[in-house]
**Student:** 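Take this structure, written in C-alpha cells, and hold onto it; I'll ask about it next.
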Amino acid sequence: MPRYADVALPVTIDREFTYLVPPDLEPSALIGSRAIVPFGRKYATGLIVGRPDSTTVTLLKPLHDILDPVPVISAELLDLCRWIASYYLCPLGEVLKAAMPQGFSAASRRIVRLNPAASAESINAATKASGQRAQILSLLRTDGPTFASRLGRTTGVRNINAVLNDLVRAGIVEAEEEIPRPSTTPRFIEFIRIGDLSAEAIRQALSTLPPRKKNSRRLLDSVLALAGGATGEIAIRDLLKSSGSSLSAFRELKEAGILHSITREVSRQQEYGTEEQTLHIQLNTAQQMALDALTNAMSEGGSAFLLHGVTGSGKTQVYIEAIRRCVAAGRTAIVLVPEIALTPQMMRRFKSHFSDDVVVVHSRMSLGERHDAWRRAYTGKSRIVIGPRSAVFAPLSNLGLIVVDEEHEASYKQFDSSPRYNARDVAVVRAGKTGAVVLLGSATPSAESYYNVQTGKYRLLEMPERIDNVPMPVIAIVDMAAERKRAYVECKAALPEAQRGKLKNFVASPISSLLREKIADRLSRREGIILLQNRRGFAPFVECAECGYVEMCDNCNVTLTYHLTKKHLRCHYCGLTRVPHILCPSCGGTDIALRGVGTQKVEKELATLFPPAAVLRMDLDTTSRKGAHDRILRKFGEGGADILLGTQMVAKGLDFARVTLVGVVSADTQMLLPDFRASERTFQLLTQVAGRAGRSMLKGEVLIQTYQPHHYTLRHVVDHDFRAFYEEELTARRELDYPPFSRMALVESNGENEERVRAASEQFAAVLKRTAAPVTILGPAPAVIAKLRNRYRWHVMVKSPKEKDPAGATMRHALQAAAATMAKDGRKDVRLIIDVDPMGTM
Ligand code: ADP
Ligand code: ZN
C-alpha cells in the first residue's frame, strides 16, 4: 500500500516535494488532484503528480487536505506538462499552473448540501461509520447548504475537503465550486423574433417606401425572406450584416412601428451571434481532398499536417468540416487561434456551426467565466474548445483533432513568463501522444513547419487557389528613394528662384504620388482601402538635426515615440511619458524635430491629402478599450469609412469584399531589424496584408513602399512565390546554423547593476563551456535592447546543430547543468532566463 505522494507546487524551485498520505486521505489522494500541504511555516496548494511506494526522504510531513473529489488534471495532460517542463527547462509546478485556469489556489468556495437523491440507508450507514461524518450531516440537515470552510470551522474537522469528497463519492453530499464573480458588465443584444413578423405588413411597408431608401429596402427584403413559417430569433447586428443595411435604417423602421425588437442579456458564450451564409457550403475539390486526408488520418491514429492555403482559399471551412467529422466519430477537438479579439468573424462562424458544442476561451474572460468554460470541456458538455495558446491545455478526453490556425504567428509563444512554451509545438506533441491529428494552417507557414514538410515530419496539404478562383491581387513596389528625389526636384521647381537655395531638410510625404493616385481612384469608386503602417504613434523618433541627439527612454534603451494626441513622448516598452525638449539638451540646437512615420502621422497626412475621406485608425492606442477592435472592424465592414489605417492588426483575419486597394506605407520598419526572423516576418506580414485586397470579384491591387526595392523578401512577395522565398531563406539559415537547422536557446541575464549583469552573463557562458557540450555559444553580449524597464540585459545565444543533436537533448542537458551551477552561486540581484526556441532575439 503506497503511502506517499509527490506534489508539484507553483514555485520557481524545479523539484517535487514528497509527503506522507494519512490513512483517512488515502482514497482521495489521487494523481491529478489538488492537495493542501504544509510548506515552510505555511500551507500551500499543489498538485499530486505521483504516488511512489517508497521514498528515501526522511522526516516527511503529512498531506493536510485534498481539494478535488476527482482529478482535475488527467494522466494524459500531466504527461504533456512533464514534457513541457523538461523541453522548456522550467519547473513542473509552473507548467501545471498554466494548464489550470483556476490555478492552484482555492480562489473558489465550495458550497455543500445533502444530495436529495441519497437514500436514508446510505445516510445512516455513513452516520454510523464515524462521529465526524454524523456531525457534518446533521449540520447540513439543520442548516441547509453551506460553505465547506464553515463546516470545517464548526466541526473542527481538519481535512474537511477530503471528508466531504468521500461523502460526494458515496452520493450522500453534493458539492459545487463557486468562483466569486467580479462585476462584469452584462452584455445586451437586440433581437427580432421571427415569429412576430408579418409578411403582409412588411410588403405593405416596402410598397410605400421611396426607392432612394436603399438601406431600409435591403433590410426589409431580408426580413421578408425570413417571415412566414420560421421561428426563433435573429440578432439585429447579424441581420444588418447579412443584408448590408445600417443601424440607422433599422432605428427608423422601428420608430415607424414597422419592425419590433427585444433586448436580452446574453452570456459571453452567446455574444458572437450567428452567421447564416457559411452554413451550407459545398466544399470544392481542393478542400474535399484536404478533408479526406484528415478524416483518414483521424481513423488511422493521427499524424501531423501542414495546410498551406492562400488567404481566402477556404481553410476555415476545412477546419469546420474536419471538426464535424471528428465529433461525429465521438471525439473532441481543439482550435488554437492567435488572438480571439482579432478574430470575431471566425468565432461567429464556429458558433454558427456548432453552437453550444463549442466553448470559446480568451484572455479577457473573468476567472469565473474561464472556470465555467473549463467545466464544460471537462464534463464533455462542449466537445470543441477554441482559444489562444493556453487552450492547448483544454481538459478534453478522447482528442481527435487539434487545429492551429495561422501557425506561423509569434503569439503562440509565451515569451514574457515561464513556461516559455510554443503552443503550436505543444499541440504537435499532444496530438502525437494521444493519437490525434494535428492540422497547422497558414497562408504563410513558418520556416520551421515548411522544413518539417521537407523532412517528412509533416504531410503537406495545399490549396493554392482562392475560392471561386478570385485572382490574387497584383502587387507593385514603390521605390521611395526615387520618389523622394522626384518630390524634392518638384518642390524646388515650384519655389521662386530666390528661395530655391534654402530648401534644406526637405521632408517628403509618407504617401508617394502613385499611392496617392490609387487612393483617389478608389475613393471616387467608393471601394475600400486598407493602409498598413506597422508603427503606432506619430513620429517613432525625435532627433536633433545638428548633432544627431535622439530622445531616448531613461529606463529602456529604445527611442521615444512622439504621440500627437497627447503631445508627449512615450516609451512603447515601459510606458514612460514625458514632454519633448524644445532645445537640444546635447548641443542646444533648435532644429530638434520629429522623424519617421507612425500611424498618427499617416492619419494626419491623409486628412491633408483627402479631406473628405473617412479614415479609421486601428492600433494599440485606439483599441485598448474592450470591444473597440470589433467596433472599428464592424464600422469599416459596413461601409462606415473609406480607409482602414493601422498597424499589423489590419493584416489579420479580415474578410471585406469591398477592399480593392492595400497600401503598405513602409515595408522597412520590420525588414531591417537585427533578428534572424526579420525577413520571414516581413514576408508573412506583407503577404497577409496583400491577401486583404480583392477578396471578391472586384480586382485587388497592392502597393508596397520601401527604400529597399531590391530586397529578396519583397521580390518574392510581389511574385506570390512562397516556395522561392523559403528556399532562399532556408539557404541563408543553413549557412548560419539558425533554426530550423539548429536548436536554439537564448539565455538572458538581467538586473539593475550593469556590471553585475555582465559578470553573471560571462560566468554563465564560461560554465556552459566547461560542460564541454558540442554546442555553439555566441556572446555574452549586451542585448539589442540593452536596457528594459530599468534592467540591463545581456544575452548568451546557444545553438546546437540538428544533425548532431536532433531532439536538442544535448543542449538542454548542458543548459540545465550550467543553470544549476549558477543557482548554487545564488546571485540574487541578477535574474537568469532560459528561453528554448526563442521567437525574438532582441
Ligand atoms: P481562409 O480561412 O483560407 O481565409 P475561408 O474559409 O474564410 O478562407 O473562406 C473564404 C471565403 O470563402 C469565406 O467567405 C467562406 O465563407 C467562403 N467559402 C469557403 N469555402 C467555400 C466553398 N467551398 N464554396 C463557396 N464559398 C466558400
Ligand atoms: Zn521605456
Side-chain angles (χ1 to χ4, degrees), residues 238 241-244 272-295 305-325 333 335-340 342-354 358 386 401 403-409 439-445 449 460-473 528 530 633-634 636-638 650-660 662 684-698 700 702 720 722:
D238 293 333
K241 195 152 175 272
S242 62
S243 63
Y272 297 101
T274 57
E275 186 179 75
E276 290 292 325
Q277 69 249 36
T278 66
L279 283 183
H280 309 286
I281 284 180
Q282 198 69 19
L283 296 189
N284 65 26
T285 318
Q287 288 172 316
Q288 192 61 50
M289 275 170 62
L291 179 64
D292 289 344
L294 293 167
T295 317
F305 289 89
L306 175 67
L307 173 58
H308 177 209
V310 296
T311 44
S313 59
K315 292 186 292 298
T316 310
Q317 207 61 33
V318 172
Y319 305 158
I320 288 171
E321 293 310 326
I323 291 169
R324 204 189 305 287
R325 305 246 176 131
V335 182
L336 298 183
V337 291
E339 168 61 78
I340 294 282
L342 299 184
T343 47
Q345 288 176 330
M346 188 161 170
M347 294 312 107
R348 216 152 19 241
R349 254 166 98 180
F350 274 87
K351 277 285 174 189
S352 310
H353 284 269
F354 300 111
V358 53
I386 177 166
L401 176 67
V403 174
V404 185
D405 187 35
E406 309 287 359
E407 64 88 20
H408 63 280
E409 278 285 331
L439 174 60
L440 313 180
S442 177
T444 52
S449 295
L460 182 66
L461 302 170
E462 283 185 292
M463 304 206 301
E465 314 255 292
R466 286 176 153 191
I467 292 296
D468 296 332
N469 294 317
V470 173
M472 294 303 282
I530 289 181
L633 290 186
R634 210 177 276 282
F636 185 64
E638 285 163 3
V650 302
K652 289 173 191 167
L654 310 179
D655 187 0
F656 297 124
R658 50 186 286 265
V659 174
T660 60
V662 166
Q684 287 162 345
L685 177 64
L686 296 182
T687 304
Q688 296 275 351
V689 75
R692 306 300 139 211
R695 302 267 287 193
S696 66
M697 293 324 278
L698 298 171
V702 181
H720 300 281
F722 168 83

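Counting from 1, the numbers follow the sequence of the chain as shown. We count ligands from 1, going down the list as the structure has it; atoms in each ligand are counted the same way.
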**Student:** Suppose we screen for side chain to side chain donor-acceptor pair (under 3.5 Å). Which residues come up paired with Ser449, at least two apart in sequence or across chains?
**Tutor:** Glu407, Ser446
**Student:** Are any of the heavy atoms in Arg466 under 4.0 Å away from ligand 1?
**Tutor:** no
**Student:** Counting neighbours of CE on Met289 that are heavy atoms of other residues, nucleotides or ligands and sit closer than 6.0 Å, is the number greater than 12?
**Tutor:** no
**Student:** Under 4.0 Å from a heavy atom of Gln282: which atoms of ligand 1 are those, numbered in the order shown and with their elements?
**Tutor:** 22 (C), 23 (N), 24 (N)
**Student:** Name the one of Leu440, Leu439, Leu291 that satisfies side-chain contact (heavy atoms from CB on, under 4.5 Å) with Leu461?
**Tutor:** Leu439
**Student:** Looking only at heavy atoms, which two atoms of Pro445 and Phe722 are closest? And how far apart?
**Tutor:** CD-CE1, 3.1 Å
**Student:** Could you list which atoms of ligand 1 come closer than 4.0 Å to a heavy atom of Leu283?
**Tutor:** 23 (N)
**Student:** So between Ala286, Gly314, Gly441, Ser442, whose heavy atom ends up nearest atom 8 (O) of ligand 1?
**Tutor:** Gly314
**Student:** Heavy-atom contacts under 4.0 Å between Arg349 and ligand 1: side chain, backbone, both, or neither?
**Tutor:** side chain
**Student:** So is Gly309 in contact with ligand 1, going by heavy-atom distances below 4.0 Å?
**Tutor:** no
**Student:** In ligand 1, which numbered atoms sit nearer than 4.0 Å to a non-hydrogen atom of Asn284?
**Tutor:** 23 (N)
**Student:** For Glu465, enumerate each residue passing the side chain to side chain contact (heavy atoms under 4.5 Å, CB included) test, keeping only those at least two apart in sequence or located in another chain.
**Tutor:** Asn469
**Student:** Strictly by modelled atom types, are Glu321 and Gln287 linked by a side-chain donor-acceptor pair under 3.5 Å?
**Tutor:** no
